[in-house]
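Just so you know, these numbers come straight off a predicted model, no measurement behind them. Every number for a ligand or one of its atoms is a count from 1 in the order of the listing. Just so you know, these numbers use all the heavy atoms, side chains as well, and skip hydrogens, waters and symmetry mates.
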Amino acid sequence: MASFMTHLECARCGKVHDAFREQHLCSCGGPLLVRYDLDGVKGAVRKEDLVGREASLWRYREFLPVEDAGRAVSLGEGWTPVLPLRRWGSRRGLRRVYLKDEGRNPTGTFKARGAAVGVTRALELGATDIAMPTAGNAGGAWSLYAARAGIRSHVAMPKDAPSGAVKECVVAGARVYLIDGLISDAGKFISRGISRYGWYDASTLKEPYRIEGKKTMGLELAEQFAWDLPEVVLYPCGGGVGLIGMWKAFNELERVGWIGRKRPRLVAVQSEGCAPIVRAFREGKAESEFFAGAQTVAGGIRVPKPLGDFLILRAIRETGGAAVAVSDDEILAAMRELSEEEGLFICPEGAATLAGLLHLRDAGLVDADERIVLFNTGSGLKYTDLIAADLPVLPADAQPE
Ligand SMILES: *Cc1c(COP(=O)(O)O)cnc(C)c1O
Ligand SMILES: [Zn+2]
């Protein structure tokens with residue numbers, strides 16, 4: 001089956017670009033978004049046809065930018081469960097809270113979605129070496145998917161990157177470069193490699209296809225809620241690719257007539273230690289400013305100046321959503337609470353959405369009966385360092401107390 005992709009469009013200036021050769025940013029510096037022949041999609045597939053398709057994001061192949069879905073680079077990503085949080089929610093006066101658990105993905109985070117589609121497309125375009133700077137999970141996911149595709153990967157990270165993610169890249173056989181500097185320095189290092197060796201630039205939003213993988217979270221949400229979207233969605237926002245992707249997905253679903261005009265209120269949750277979107281939202285600005293000295297336990301949302309900030313702000317304003325910041329202490333407490341009360345060991349970024357929801361509730365921005373979906377973007381098992389467990393060792397003949 002050929003793709004319904006028609007072209008790429010600059011999200012900033014609207015300029016059209018050829019989708020069938022390698023593309024990165026627009027000449028104006030804006031990120032490129034994939035556009036489809038949605039009338040063609042509408043004629044080719046009905047939502048009923050999805051029933052019985054494979055339990056992965058490839059069930060939405062008509063909405064994906066790959067020329068041959070039969071040759072997708074896949075590890076079984078997507079189609080993650082939506083779990084009700086009955087105990088956690090009702091104890092806090094909220095009756096219909098759900099968690100979409102992205103920790104079930106290959107590589108332990110939703111970064112697998114972007115990597116599956118991004119690597120598939122890079123391979124179709126003839127890439128042999130992909131490269132990116134990363135704070136952690138994206139590097140791990142892209143390294144492993146590149147291994148699956150049989151192509152090389154080059155990943156640069158700050159020297160203090162979490163060891164789990166560093167090792168994930170190493171075990172995948174990536175060329176891993178630890179840089180004595182920040183993620184921005186790692187980015188400059190990768191740029192030098194790209195101009196010298198022609199590596200394929202897979203940095204966030206500098207290739208147009210990662211976001212297409214991440215938008216499948218929105219397609220799934222619609223299908224899992226029987227095409228009647230929930231009222232509120234909270235998302236831990238770093239680069240915001242997942243949030244922008246879901247917003248794009250809802251617009252495409254409306255265009256093919258599978259949903260109506262109603263949208264969930266999209267809420268970006270950030271950490272107080274790195275909250276450029278929250279600041280810009282409060283100040284009524286269209287773009288964010290660099291957040292100096294960014295620091296938080298939730299490394300996945302430590303992005304001081306997202307490239308797609310204007311799109312994030314547009315998405316949350318257009319849907320009547322919000323942006324909220326939570327503290328690291330609230331994040332760590334929420335991780336523990338959800339494990340104890342619901343049996344879900346989630347990542348700190350996901351835990352930020354629980355803390356964010358309590359802020360919304362206290363501000364009267366959600367009702368007790370609304371359907372609220374929290375995104376847990378990764379497994380807590382990638383973050384065991386955050387859990388203190390200093391237990392005494394007992395003698396072998398000790399009596400239980
Ligand atoms: C990358 C990452 C995020 C942020 O994702 P964006 O869609 O880029 O905002 C959130 N949580 C985890 C675990 C991540 O790895
Ligand atoms: Zn442009």
Do Ser327 and Asp329 have side-chain N/O donor and acceptor atoms under 3.5 Å apart?
no
Do Asn105 side-chain atoms and Gly78 backbone N/O form a donor-acceptor pair below 3.5 Å?
yes
Would you indicate which of Pro348, Ala268, Gly242, Gly300 comes nearest to atom 4 (C) of ligand 1 when only heavy atoms are counted?
Gly300
Closest approach of any protein heavy atom to atom 5 (O) of ligand 1, naming residue and atom:
Phe110 CZ, 3.3 Å
Could you identify the single nearest non-hydrogen protein atom to atom 9 (O) of ligand 1 and state the distance to 0.1 Å?
Gly240 N, 2.6 Å
Can you list the atoms of ligand 1 that are under 4.0 Å from a heavy atom of Cys237?
9 (O)
Between Tyr235 and Trp247, ring centroids under 6.0 Å:
no
So, do Phe225 and Tyr98 have ring centers that fall under 6.0 Å from each other?
yes
Examine the side chains of Ser271 and Arg302 and answer whether a donor and an acceptor come within less than 3.5 Å of each other.
no
Could you tell me the residue and atom name of the protein heavy atom closest to atom 11 (N) of ligand 1, and the distance to it rounded to 0.1 Å?
Thr377 OG1, 2.7 Å
Which heavy atom of the protein is the closest neighbour of atom 7 (O) of ligand 1, given with residue, atom name and distance?
Tyr235 OH, 2.6 Å
For Pro236, atoms of ligand 1 separated by under 4.0 Å from a heavy atom:
4 (C), 9 (O), 10 (C)
Give the atom numbers and elements of ligand 1 that come within less than 4.0 Å of a heavy atom of Gly238.
4 (C), 9 (O)
The protein heavy atom nearest to atom 14 (C) of ligand 1 is Lys111 NZ, 2.9 Å
Separation between CZ of Arg87 and CZ of Arg92, rounded to the nearest 0.5 Å:
11.0 Å
Within-shell test, Lys214 vs ligand 1, heavy atom, strictly < 4.0 Å
yes
Check this for me: does any side-chain nitrogen of one of Arg113 and Glu220 sit under 4.0 Å from a carboxylate oxygen of the other?
yes
Verify whether one side chain among Thr80 and Asp101 offers a donor that lies under 3.5 Å from an acceptor in the other.
no
Parallel, tilted or perpendicular: ring planes of Tyr177 versus His154, cut at 30 and 60 degrees
parallel
For ligand 1, is any non-hydrogen atom under 4.0 Å from Tyr383's backbone (N, CA, C, O), its side chain (CB onward), both, or neither?
side chain
Kindly confirm or rule out an N or O of Ile301 lying under 3.5 angstrom from an N or O of ligand 1.
no
Can you check the angle at the Zn ion (ligand 2) formed by SG of Cys10 and SG of Cys26? Round it to the nearest 10°.
110°
Which atoms of ligand 1 sit under 4.0 Å from any heavy atom of Val241?
6 (P), 7 (O), 8 (O), 9 (O)
